[in-house]
Amino acid sequence: MTSSGRLFWVALVIGWAVMGIGVVVMLTSNGDANPLAIVPVVVGFAVVHDAVLAPLAFLAFWWTGRHVPSVARGPVRGALALTVVLSLFALPLVGRFGARPTNDSALPLDYGRNLALLVAAVWAAAAVVIAIRSVRLGAARAQR
Amino acid sequence: MSTTTEPSPPLMGQIDAWRDDALADDRRHGPRPAALLGLALGVSFTVCFATGLLSHLIQHPTSWFTWFPRPAGLYRVTQGLHVATGIAAIPLLFTKLWAVFPHLLRTPVVRDVADGLERLSLLPLVGGSIFLLVTGVANIELFYPWPFFFPAGHHAVAWIVIGALIVHVGAKLSTTRDALARRAGPPLDEPIPAGRQATTGGDGLDRRRLLLWAAGGSAVLTVATIGQTVAPLRGLALLAPRRPDRGPQGFPVNRTAIEAGVVDAIASPAYRLTVSGGRAPLALTLADLHALPQRSATLPIACVEGWSASQRWTGPSLRDVLAAAGVTDHRGVDVHSLEASGRYASSTVPARVVADPDTLLALMVDGEQLAPDHGYPVRLIAPNRPGVLQTKWVGEVVVR
């Protein structure tokens with residue numbers, strides 16, 4: 001067995017023991033961290049990622065591969081991905097899911113406007129990159 | 001290939017092509033992007049785990065752990081780092097998952113026992129990592145769409161993720177070391193299949209540019225939120241759930257007087273601060289508290305949710321109040337709010353924190369009487385403590 005093989009088995013034993021601490025924390029939490037409530041959420045997130053998010057990301061990757069000119073493809077994909085991440089992060093803020101009627105200091109900003117500003121900045125940056133690439137590509141073609 | 005052959009469904013073919021391209025790319029260049037992302041995630045998750053565990057221990061003291069009141073702003077830094085690092089890890093995690101996803105689709109699914117155990121450990125690693133980031137973000141955004149108590153669930157799953165991460169590091173350490181040791185890819189020993197680059201758009205967001213995107217995404221999210229604790233950057237904090245300059249008297253509130261149900265109790269002329277557990281119980285009026293020697297200290301409210309704000313607090317030192325009650329020897333005190341119930345209606349102040357002269361029963365903030373939402377008539381404020389332990393609307397101090 002190689003040293004990395006030995007390392008793996010040692011790490012496996014230690015890692016699963018540490019995971020066991022998490023299970024003990026759940027079981028001794030007086031219901032605060034009920035494993036019946038938590039484990040399905042943990043497994044659910046992995047399944048949602050693998051079965052929904054990753055295929056959707058691949059679809060977007062595939063679609064942009066077909067329909068976006070190569071000079072713009074990278075920036076468009078990057079901007080699209082960042083738009084999704086920012087939107088998911090901001091969704092509870094924009095929807096004011098956690099707003100408290102008597103607490104003006106909780107969620108105090110206009111998050112819809114702020115998200116729009118950030119997304120606009122991301123796409124503006126992508127547009128600048130596309131413009132620079134186009135100019136460089138044009139110059140390279142002109143030299144040939 | 002015969003032109004009459006039924007073609008495979010185009011999309012499925014594209015997925016196969018993408019997987020094969022990615023796996024071939026790893027073989028050609030070594031999995032350097034995934035390795036670098038893994039290293040960044042390993043560091044950020046370790047920082048989150050250490051700072052999170054620290055916060056847990058401060059809030060749930062054990063016999064073997066001691067937390068000191070100095071430096072006064074240390075918890076503000078560690079908890080600010082916990083939340084900021086978690087936020088910055090979001091693009092890193094999803095980029096990493098994208099970079100390694102082709103490996104999930106490889107065949108055979110399991111090669112041997114070790115491979116099977118390693119792959120099994122990926123379920124808690126991936127699901128748990130997403131769980132930690134999603135619940136952490138939802139918590140700072142005050143959104144709780146789940147049937148468990150957030151700190152307890154987040155804490156338990158953190159152990160599971162760190163355990164799964166140890167297994168993963170054990171499995172990937174040599175691969176990562178080799179990948180990082182290689183500055184540039186070796187000569188191409190495997191040609192890129194003809195037509196492949198055209199199918200998935202090879203000139204697009206390629207695997208090397210993923211790193212740039214992940215770093216950029218982390219930077220954007222960090223700039224959009226870090227101002228909730230780094231006050232000079234508050235103007236850029238477009239997606240911060242709190243702003244250190246927004247709230248009554250110019251700083252945020254976590255729980256209002258109305259939410260705590262203390263509006264009548266704090267306005268009552270019968271209000272007294274009682275000190276019990278000493279030689280004889282003592283009941284102090286607000287005027288009595290003002291008559292004690294007053295001390296001012298600039299201390300932060302450092303919330304577990306990652307925001308913080310520094311204010312100048314004024315009131316008698318807790319140790320002077322205890323001295324007025326004739327308490328000379330103690331093992332700390334319990335400070336109880338006027339709140340009838342609630343997880344944070346009381347807190348324990350260890351003796352070494354009581355001894356700090358800046359541990360105040362504050363009556364004023366920035367030269368004004370405390371607003372009801374900031375704990376009028378009396379709130380505890382002590383150096384280097386989580387905000388949830390800075391008990392508001394204090395009604396009773398019990399000597400331990």
Side-chain angles (χ1 to χ4, degrees), chain A residues 4-5 7-8 10-12 14-22 25-26 29 32-34 37-38 41-46 49-50 54 57-58 61-62 64-66 70 73-74 77-78 81-82 85-86 89-90 92-93 97-98 100 102-109 111 114-115 117-118 122, chain B residues 14-15 18 90-91 94 97-98 101 104 114 117 121 123-124 126-128 130-131 134 137-138 141-143 146-149 152-153 155-157 159-160 162-164 166-167 169-171 173-174 200-201 203-205 209 213 217 220-221 224 238-239 241-243 246-247 252-253 256 258-259:
Chain A
S4 65
L7 178 69
F8 169 71
V10 170
L12 188 81
I14 296 173
W16 282 20
V18 171
M19 282 196 261
I21 297 175
V25 168
M26 283 189 208
S29 68
D32 277 351
N34 182 358
I38 289 175
V41 181
V42 170
V43 175
F45 276 133
H49 173 267
D50 291 353
F58 181 80
F61 183 78
W62 174 72
T64 48
R66 292 203 151 191
S70 64
R73 204 170 285 145
R77 283 171 171 169
L82 196 47
V85 169
L86 285 170
F89 181 89
L93 299 172
F97 300 154
R100 310 257 183 84
T102 65
N103 190 351
D104 293 339
S105 74
L107 316 185
L109 308 177
Y111 296 102
N114 290 357
L115 175 63
L117 281 173
L118 277 170
V122 165
Chain B
Q14 300 303 322
I15 292 174
W18 172 65
I90 295 169
F94 285 105
L97 290 174
W98 173 256
F101 195 69
L104 187 73
L117 290 171
S121 306
L123 178 67
V126 173
I130 299 174
F131 176 97
V134 171
V137 167
E141 295 178 349
L142 311 172
F143 177 46
W146 45 65
F148 51 84
F149 181 48
H155 174 224
V157 175
W159 282 105
I160 288 173
I162 283 297
I166 290 170
V167 177
V169 169
L173 191 63
S174 63
T200 50
D203 193 31
L205 187 59
R209 290 200 185 103
W213 181 87
V220 170
L221 270 179
L238 296 179
L239 298 182
R242 308 283 189 153
R243 277 265 301 258
R246 295 286 183 91
V253 169
T256 63
I258 293 174
E259 286 171 335

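The chains referred to below are lettered A, B, ... by the order of the sequence lines, with proteins before strands, and numbering in each begins at 1. Below, each value reflects all heavy atoms present in this structure, side chains not excepted, and no hydrogens, waters or symmetry copies.
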Tell me, for B/Ala224 versus chain A, whether the close heavy atoms (under 4.5 Å) come from the side chain, the backbone, both or neither. side chain

Would a 4.5 Å heavy-atom cut-off, applied to side chains only, mark A/Leu86 and B/Leu239 as touching? yes

Kindly say whether B/Val253 contributes a backbone atom to a donor-acceptor pair with the side chain of A/Ser105 at under 3.5 angstrom? yes

For the student: nearest non-hydrogen atoms of B/Val167 and A/Ala11, plus distance: CG2-O, 3.7 Å

Least distance between heavy atoms, A/Leu7 atom then B/Leu173 atom: CD2-CD2, 3.6 Å

How far apart are the closest heavy atoms of B/Glu141 and A/Pro92, and which atoms are they? OE1-CG, 3.0 Å

Considering only heavy atoms and a distance below 4.5 Å, find which of B/Ala164, B/Gly247, B/Gly128, B/Pro91 pairs most often with chain A. B/Ala164

Counting heavy-atom pairs under 4.5 Å to chain A, which of B/Val220, B/Leu123, B/Ile166 comes out on top? B/Ile166

Does the side chain of A/Val85 come within less than 4.5 Å of B/Ile90's, by heavy atoms? yes

If you compare all heavy atoms of B/Ile160 against all heavy atoms of A/Gly22, which two are closest, and at what distance to 0.1 Å? CG1-CA, 4.0 Å

Check B/Phe101 against A/Ala54 and note the closest heavy-atom contact, atom names and distance. CZ-CB, 3.4 Å

Tell me, out of A/Asp50, A/Val41, A/Val10, who's got the most heavy-atom pairs with chain B below 4.5 Å. A/Asp50

Using heavy-atom distances under 4.5 Å, tell me whether B/Leu117 contacts chain A through its side chain, its backbone, both, or neither. both

Quick check: do A/Asn34 and B/Pro147 have side-chain heavy atoms less than 4.5 Å from each other? no

Over 60° means perpendicular and under 30° means parallel, so tell me whether A/His49 and B/Phe94 are parallel, tilted or perpendicular. tilted

Sort out for me which of B/Gly217, B/Pro241, B/Gly153, B/Ala152 touches chain A most, counting heavy-atom pairs under 4.5 Å. B/Pro241

Let me know if A/Asp32 has heavy atoms under 4.5 Å from chain B in its side chain, its backbone, both or neither. both

From CZ (B/Arg243) to CG (A/Leu109), nearest 0.5 Å: 5.5 Å

Taking the side chain as every heavy atom from C-beta outward, state whether A/Arg100 and B/Leu142 have any pair of such atoms under 4.5 Å apart. yes

Above 12 or not: heavy atoms from other molecules or residues under 6.0 Å from CG of A/Asp104? no

Exercise: identify the closest heavy-atom pair between A/Met19 and B/Pro124: SD-CG, 3.8 Å

Look up atom OG in B/Ser121 and atom CZ in A/Phe8, then write down how far apart they are to the nearest 0.5 Å. 6.5 Å

Separation of B/Phe148 CZ from A/Met26 CE (nearest 0.5 Å): 9.0 Å

